[in-house]
Amino acid sequence: MTGIEAEPRSICLTNPFAWPYVKRGTETLVRSLARWLQRSGRQVEIAAGGPATTSYDLDGVPVALFRARSARRVHVDLDEETTFIPAMARHLRRARPDVVHAFLFEDASAARLARRPYVVSYGGIALRASTAGHPLKRRLFAYGTRGARVVLCPSQAAATHLLDSYGYRAHVIPNGIDVTEFTVGADRDDVVLCPSTPDDDRKRVSVLVDAFAIAGRHSKTLELVLAGRASDGRRQSLLDRLPEELRTRVRFTGEVGAERLRELYGSAAVTCLPSLNEAFGMVLVESLASGTPVVGARHGAIPEIVDEEVGALFAPDDVEACSRALLTVVERARHRDLAARCRARAELYDWSVIGPRLLDVYKAACA
């Protein structure tokens, strides 16, 4: 028992990495949540591993970094996601936050070592094969998870996987966003946007390219924009899947910043996420917040966010079904009532809705 009877006032958000050194989905989520907690009057800090031990402000939120360097020559699992644990545990023991919200099992292990009440979020669907040959990682996963007062997942799909694969029960709270950061576009082009990195096979960008090869023959104005990291070899292999006349209608933007991505959402007719094993899919909610409908694979957590009201689903890896869905939704996107429905769906994931649910979890963790 911690003796805290009201909502916790001091909250530490932890992760192996932090913005701006790493700008993936989890780091973006932690940054966004920290801003909301601060605006809500809580004392919040971000703690993470990094290239050096230092501290700085991120949007007015204090960040404490602890040097994390690879020691794989000693043990295969002593990488940058692990070596910060002792220093973070010492920091948490000194700082004594009312509650720690960890976003991976390594920093959850640091919170347990520090003997602070903590919750842990698992934002991905980790297959058992990913821990093969990593005995220390498996032990840390068990140690960090079993010590948590509450385990969180952003979707029922992720929670079911965690239970079926590892035996841990999780409470489902979706990821949140600040919907006000997104603007519903007034003018839209016949553009299919995919914000996923083509270099990640799990994202199934090749399925989308094959679907575009079909849809592009039916619509002479349809274009495809791939906004994500793509190596030169990957770009060429994807273009080689298309007939010559369609290759000029494909644009690779590479990785883009948050502001540019919001512009792309707002000007596209549809966003497509053909990937498998999505535990949430933040790009789905971001697209909807921009009034842009979504076509997604009927797999993982995608069907928990997307339905016929705000887009369309297709069977995983079914190229022809994906093509039909794209053409149908592009046509529907010409009607402004669809944009309004998309925005309304996204508002279900605004921090004004999701944040108070997290505060209830924090309070329960301190009881």
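Side-chain atoms are counted along with the backbone in the values below, which use heavy atoms only and exclude waters and symmetry mates.
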Notebook entry, point to check: Where do L65 and G50 come nearest, in terms of heavy atoms and distance?
Noted result: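 Residues L65 and G50, closest heavy atoms: CD1-CA, 4.2 Å.
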
Checklist line | Linked, directly or transitively: L313 and F280 (ILVMFWY side chains, under 4.5 Å) | finding: yes

Next item on the list: Would you kindly say whether T14 and Y118 are connected by a side-chain donor-acceptor distance under 3.5 Å?
Entry: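 No, because no side-chain N or O of T14 sits under 3.5 Å from a partner of the opposite role on Y118.
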
Check: Does R139 CZ have over 12 foreign heavy atoms under 6.0 Å away?
Finding: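 No - once you tally the heavy atoms of other residues, nucleotides and ligands closer than 6.0 Å, there are 12 at most.
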
Margin query: Using a strict threshold of under 4.0 Å (side-chain N to carboxylate O), is an ion pair present between R229 and D200?
Written below: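 No, D200 and R229 are not salt-bridged.
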
Notebook entry, point to check: Is it true that a side-chain atom of E27 and a backbone atom of P20 form a donor plus acceptor pair closer than 3.5 Å?
Noted result: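 No.
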
Margin query: Strictly distance-based, threshold 3.5 Å: is any side-chain N or O of R42 a donor or acceptor partner for the main-chain N or O of S10?
Written below: no

Note to self: Distance alone, cut at 3.5 Å: any donor-acceptor contact between the side chains of S290 and E286?
What the structure shows: no

Next item on the list: Identify, with sequence neighbours excluded, every residue that meets ring pair (Phe, Tyr, Trp, His ring centres under 6.0 Å) alongside Y362.
Entry: H101

Next item on the list: Apply side-chain contact (heavy atoms from CB on, under 4.5 Å) to the pair I354 and R357, showing each step before the final yes or no.
Entry: CA-CA 5 Å; I354 302 301; R357 295 176 62 183; 4.3 Å; yes

Margin query: Once side-chain contact (heavy atoms from CB on, under 4.5 Å) is applied, do any residues pair with R94, and if so which ones, sequence neighbours excluded?
Written below: R90, H91

Check: Mind checking whether L276 and L284 sit in one hydrophobic cluster, side chains of I, L, V, M, F, W, Y counted as touching below 4.5 Å?
Finding: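 Different clusters: L276 never reaches L284 through Ile, Leu, Val, Met, Phe, Trp or Tyr contacts under 4.5 Å.
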
Next item on the list: Measure across C194 and P274 and return the closest heavy-atom pair with its distance rounded to 0.1 Å.
Entry: SG-CD, 4.4 Å

Check: Hey, does the side chain of E223 reach the backbone of V192 with a donor-acceptor pair shorter than 3.5 angstrom?
Finding: no

Check: Listed by chain and number, what are the side-chain contact (heavy atoms from CB on, under 4.5 Å) partners of R96, not counting sequence neighbours?
Finding: R116

Item checked: Pair listing, salt bridge (Lys or Arg N to Asp or Glu O under 4.0 Å) test, anchored in residues 267-285, at least two apart -> R202-E278, K203-E278

Notebook entry, point to check: Minimum heavy-atom separation for L92 to A111, with atom names?
Noted result: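 So the two residues come closest at CD1-CA, 3.8 Å.
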
Check: Among all residues two or more places apart in sequence or in another chain, which pass the side-chain hydrogen bond (donor to acceptor under 3.5 Å, both in side chains) test with S32?
Finding: W351

Next item on the list: Assess the pair F84 and F17: is the distance between their ring centroids shorter than 6.0 Å?
Entry: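 So the answer is no for these two rings.
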
Margin query: Looking at E106 and K137, is any side-chain nitrogen of the basic one under 4.0 Å from a carboxylate oxygen of the acidic one?
Written below: yes

Margin query: Classify the ring geometry of Y166 against H161: parallel below 30°, tilted from 30° to 60°, perpendicular beyond 60°.
Written below: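 Taking H161 first and then Y166, their aromatic rings stand perpendicular (interplane angle over 60°).
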
Check: Do D59 and R31 sit within salt-bridge range, that is, some charged N less than 4.0 Å from a carboxylate O?
Finding: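 Yes, this pair counts.
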
Next item on the list: I would like to know whether D232 and Q236 meet side-chain hydrogen bond (donor to acceptor under 3.5 Å, both in side chains); could you show each step before the answer?
Entry: CA-CA 6 Å; D232 291 341; Q236 191 58 53; over 6 Å; no

Note to self: In the structure I gave you, are the side-chain heavy atoms of V361 and H171 within less than 4.5 Å of one another anywhere?
What the structure shows: yes

Notebook entry, point to check: Is it true that D190 and R334 have a side-chain N and a carboxylate O under 4.0 angstrom from each other?
Noted result: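 Yes.
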
Next item on the list: Could you tell me whether the side chain of R249 and the main chain of G216 form a donor-acceptor pair under 3.5 Å?
Entry: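 Yes: the side chain of R249 pairs with the backbone of G216.
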
Notebook entry, point to check: Any cation-pi pair here, R112 with Y143, using under 6.0 Å and within 45°?
Noted result: yes

Next item on the list: Using modelled atom types only, decide if a donor and an acceptor are shared between the side chain of R9 and the backbone of Q43 within a distance under 3.5 Å.
Entry: no

Next item on the list: State whether the side chain of H218 and the backbone N or O of I214 hold a donor-acceptor pair below 3.5 Å, judged by distance alone.
Entry: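 Judged by distance alone, yes, a pair lies under 3.5 Å.
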
Margin query: Check this for me: does any side-chain nitrogen of one of D201 and R234 sit under 4.0 Å from a carboxylate oxygen of the other?
Written below: yes

Item checked: Donor-acceptor pair, side chain of R343 and main chain of A289, under 3.5 angstrom ->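 Side chain of R343 to backbone of A289, a donor-acceptor pair under 3.5 Å: yes, one is there.
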
Note to self: Between D199 and T197, is there a side-chain donor-acceptor contact under 3.5 Å, judged purely by atom types and distance?
What the structure shows: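 Their side chains do not contain a donor-acceptor pair, so the 3.5 Å distance test is not met.
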
Next item on the list: State whether R262 and E259 are salt-bridged, where the test is any N-O pair (Lys NZ or Arg NE/NH1/NH2 against Asp/Glu carboxylate O) under 4.0 Å.
Entry: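 The answer is no: the pair does not qualify as a salt bridge.
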
In a table with atom names and distances, give each donor-acceptor pair under 3.5 Å that connects a side chain of residues 175-182 to protein atoms at least two apart or in another chain.
| residue | atom | partner | partner atom | Å |
| --- | --- | --- | --- | --- |
| D178 | OD1 | T180 | N | 3.1 |
| D178 | OD1 | T180 | OG1 | 2.5 |
| D178 | OD2 | T180 | OG1 | 3.4 |
| E181 | OE2 | R35 | NH2 | 2.9 |

Notebook entry, point to check: So, R188 side chain and G266 main chain: donor-acceptor pair closer than 3.5 Å or not?
Noted result: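 Judged by distance alone, yes, a pair lies under 3.5 Å.
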
